[in-house]
There are 2 protein chains.
Amino acid sequence: MPTPARTSITDIVAAGRDILEADGPPGLTMQAVATKVGVRPPSLYKHVKNRESLVGLVAGDALRDLRERLDGADSDLAGLAHAFRAFAKESPQGYQLVFALGPDASRPDPAALAQTSQPILRVAADLVGEGDALEAARTITAWASGFVAMELAGAFRLGGDVNRAFDYGVKALTRGLAR
Amino acid sequence: MPTPARTSITDIVAAGRDILEADGPPGLTMQAVATKVGVRPPSLYKHVKNRESLVGLVAGDALRDLRERLDGADSDLAGLAHAFRAFAKESPQGYQLVFALGPDASRPDPAALAQTSQPILRVAADLVGEGDALEAARTITAWASGFVAMELAGAFRLGGDVNRAFDYGVKALTRGLAR
DNA sequence: ACCTGAACACCGTTCAAGT
DNA sequence: ACCTGAACACCGTTCAAGT
């Protein structure tokens with residue numbers, strides 16, 4: 001006789017997301033997630049294939065938040081850059097997971113990634129025209145993701161004002177890309 | 001009676017570096033390193049504090065290689081950017097480890113990181129003058145590290161020529177930073 | 001002074017057995 | 001149809017015992 005499910009994929013991903021932000025990727029264990037949703041570890045395998053795919057789902061969840069931020073931001077380079085950075089400050093572990101490497105199963109869905117680059121492509125096209133939009137978008141994304149990654153990693157240790165360096169980068173890119 | 005050491009910190013770090021490139025961070029286990037240098041796992045703890053610090057030493061070793069590349073490169077933005085990318089292609093796992101997050105013990109020595117930024121600071125000063133050199137260097141490093149990280153992660157999936165996008169970024173930054 | 005086997009706590013995963 | 005305990009292989013780490 002069937003028994004009602006005691007948890008759900010939605011609950012599992014939400015629990016994973018919370019645990020990730022609290023304890024980082026090493027804390028995101030099947031045991032921790034199972035405890036949080038109130039089942040035993042083996043039960044999770046009725047809902048996700050394995051830990052890798054759970055990590056991928058959590059990354060996808062974080063990516064959705066990032067996309068919402070970008071969609072709601074001002075449609076210029078400064079607006080997108082600040083939305084990018086704001087998301088990283090709010091969900092540092094989620095941010096890193098979105099841009100992390102690892103096996104395909106642990107990566108967010110390529111289609112979702114493509115959708116997230118939409119607002120950046122639009123801003124790039126506004127700056128340089130349709131012909132160079134892809135190259136310009138890659139320049140912007142590389143700088144923004146690199147800057148935020150270094151900031152989160154505590155890599156800016158030579159003093160100076162990090163906020164000032166961020167605004168400096170926005171201006172330098174805007175100048176370098178403007179037609 | 002003392003027995004001669006059967007391995008050394010040098011051997012251990014070199015073995016760790018090889019294993020990292022072959023199998024990635026998950027493969028870099030104490031057991032794998034011990035097997036490679038010909039001892040049992042517990043013996044490693046006579047040479048390193050724990051796995052975290054071993055990872056930090058391996059990251060430091062990769063960072064030394066990156067520094068050598070940068071020191072040998074042409075002293076302009078294009079030269080440094082290509083040296084950066086060449087190192088990442090040769091040692092993708094080592095590259096990622098250098099720019100990864102994680103606990104302090106697993107990160108390369110801050111002083112070594114500072115020394116690596118030296119050639120970038122010099123190029124930045126050439127472009128924008130001493131006053132803005134730090135901000136310009138951070139813009140360059142953020143873009144280069146972000147671009148290469150995305151390339152390694154396979155994040156450029158919208159078609160187009162990645163080499164062209166790289167050169168486009170070099171030109172955009174040079175233009176945006178030039179006085 | 002270094003190396004080892006044994007042990008412990010932890011993890012991911014499978015599977016037969018329960019309801 | 002979902003959940004569970006038991007089991008397995010693996011991992012990091014400690015420690016007393018060897019040489």
Side-chain angles (χ1 to χ4, degrees), chain A residues 1-60 93 97 100-107, chain B residues 1-60 93 97 100-107:
Chain A
M1 179 151 87
T3 62
R6 229 159 290 178
T7 184
S8 67
I9 187 68
T10 312
D11 285 353
I12 289 169
V13 172
R17 187 80 195 281
D18 287 347
I19 293 168
L20 174 75
E21 284 305 333
D23 303 323
L28 185 54
T29 67
M30 299 300 271
Q31 320 229 12
V33 173
T35 300
K36 187 136 192 166
V37 300
V39 298
R40 301 287 178 172
S43 301
L44 296 179
Y45 292 83
K46 288 288 165 182
H47 302 272
V48 298
K49 185 169 180 290
N50 51 28
R51 182 180 180 274
E52 267 184 23
S53 77
L54 172 56
V55 171
L57 291 170
V58 172
Q93 299 287 352
L97 203 57
L101 289 86
D104 276 6
S106 72
R107 315 248 46 246
Chain B
M1 178 151 87
T3 62
R6 229 160 290 177
T7 184
S8 68
I9 188 68
T10 313
D11 285 354
I12 289 169
V13 172
R17 186 84 194 278
D18 287 348
I19 293 168
L20 174 75
E21 284 307 331
D23 303 324
L28 185 53
T29 67
M30 299 301 270
Q31 319 229 11
V33 173
T35 300
K36 188 137 189 164
V37 300
V39 299
R40 301 287 178 171
S43 301
L44 296 180
Y45 292 83
K46 288 286 165 184
H47 302 272
V48 300
K49 184 168 181 290
N50 51 27
R51 181 180 181 274
E52 268 184 22
S53 76
L54 172 55
V55 171
L57 292 170
V58 171
Q93 299 287 352
L97 203 56
L101 288 87
D104 276 6
S106 72
R107 315 247 49 245

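Reminder, nothing fancy here: chain letters follow the sequence lines and each chain counts from 1. Because the structure is predicted, anything quoted here is derived from the model rather than measured.
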Y45(B) OH - dC11(D) P separation (whole Å): 12 Å

L28(B) CG - dC10(D) C1' separation (whole Å): 16 Å

Nucleotide opposite dA7(D) in a Watson-Crick or G-U pair, distances under 3.5 Å: dT13(C)

Side-chain N or O of S43(B) closer than 4.0 Å to phosphate OP1/OP2 of dC2(C): no

Integer-rounded Å distance: dA17(D) P and R40(B) CZ: 20 Å

Length of the line joining D23(B):CG and dC10(D):C1', which is rounded to integer Å: 15 Å

Closest to the M30(B) side chain, choosing from dT4(D), dT13(D), dG12(C): dT13(D)

Between C1' of dC2(D) and NE2 of H47(A), the distance in whole Å: 7 Å

From dT14(D), dC2(D), dT13(C), nucleotide with atom closest to P42(B) side chain: dT14(D)

Paired nucleotide for dC2(D) [Watson-Crick or G-U wobble; both distances under 3.5 Å]: dG18(C)

Nearest heavy-atom neighbours spanning P25(A) and R51(A): O-NH2, 3.1 Å

Exercise: identify the closest heavy-atom pair between V48(B) and M30(B): CG2-CE, 4.1 Å

Atom of K36(A), atom of A15(A) and distance for their closest heavy-atom approach: CG-CB, 3.7 Å

Nearest-Å distance for atom pair NZ/C1', residues K49(B) and dT14(D): 13 Å

side-chain N/O R6(A) vs dC2(D) OP1/OP2, d < 4.0 Å: no

Smallest separation among heavy atoms of R40(A) and A34(A), with atom names: C-CB, 3.7 Å

R51(A) vs dG12(C): side-chain N/O to OP1/OP2 distance below 4.0 Å: yes

Q31(B) CD to dA6(C) C1', straight-line distance once rounded to whole Å: 14 Å

Heavy-atom closest contact (R107(A) atom, L101(A) atom, distance): NE-O, 3.7 Å

Interatomic distance where NZ belongs to K46(A) and P belongs to dG12(C) [whole Å]: 19 Å

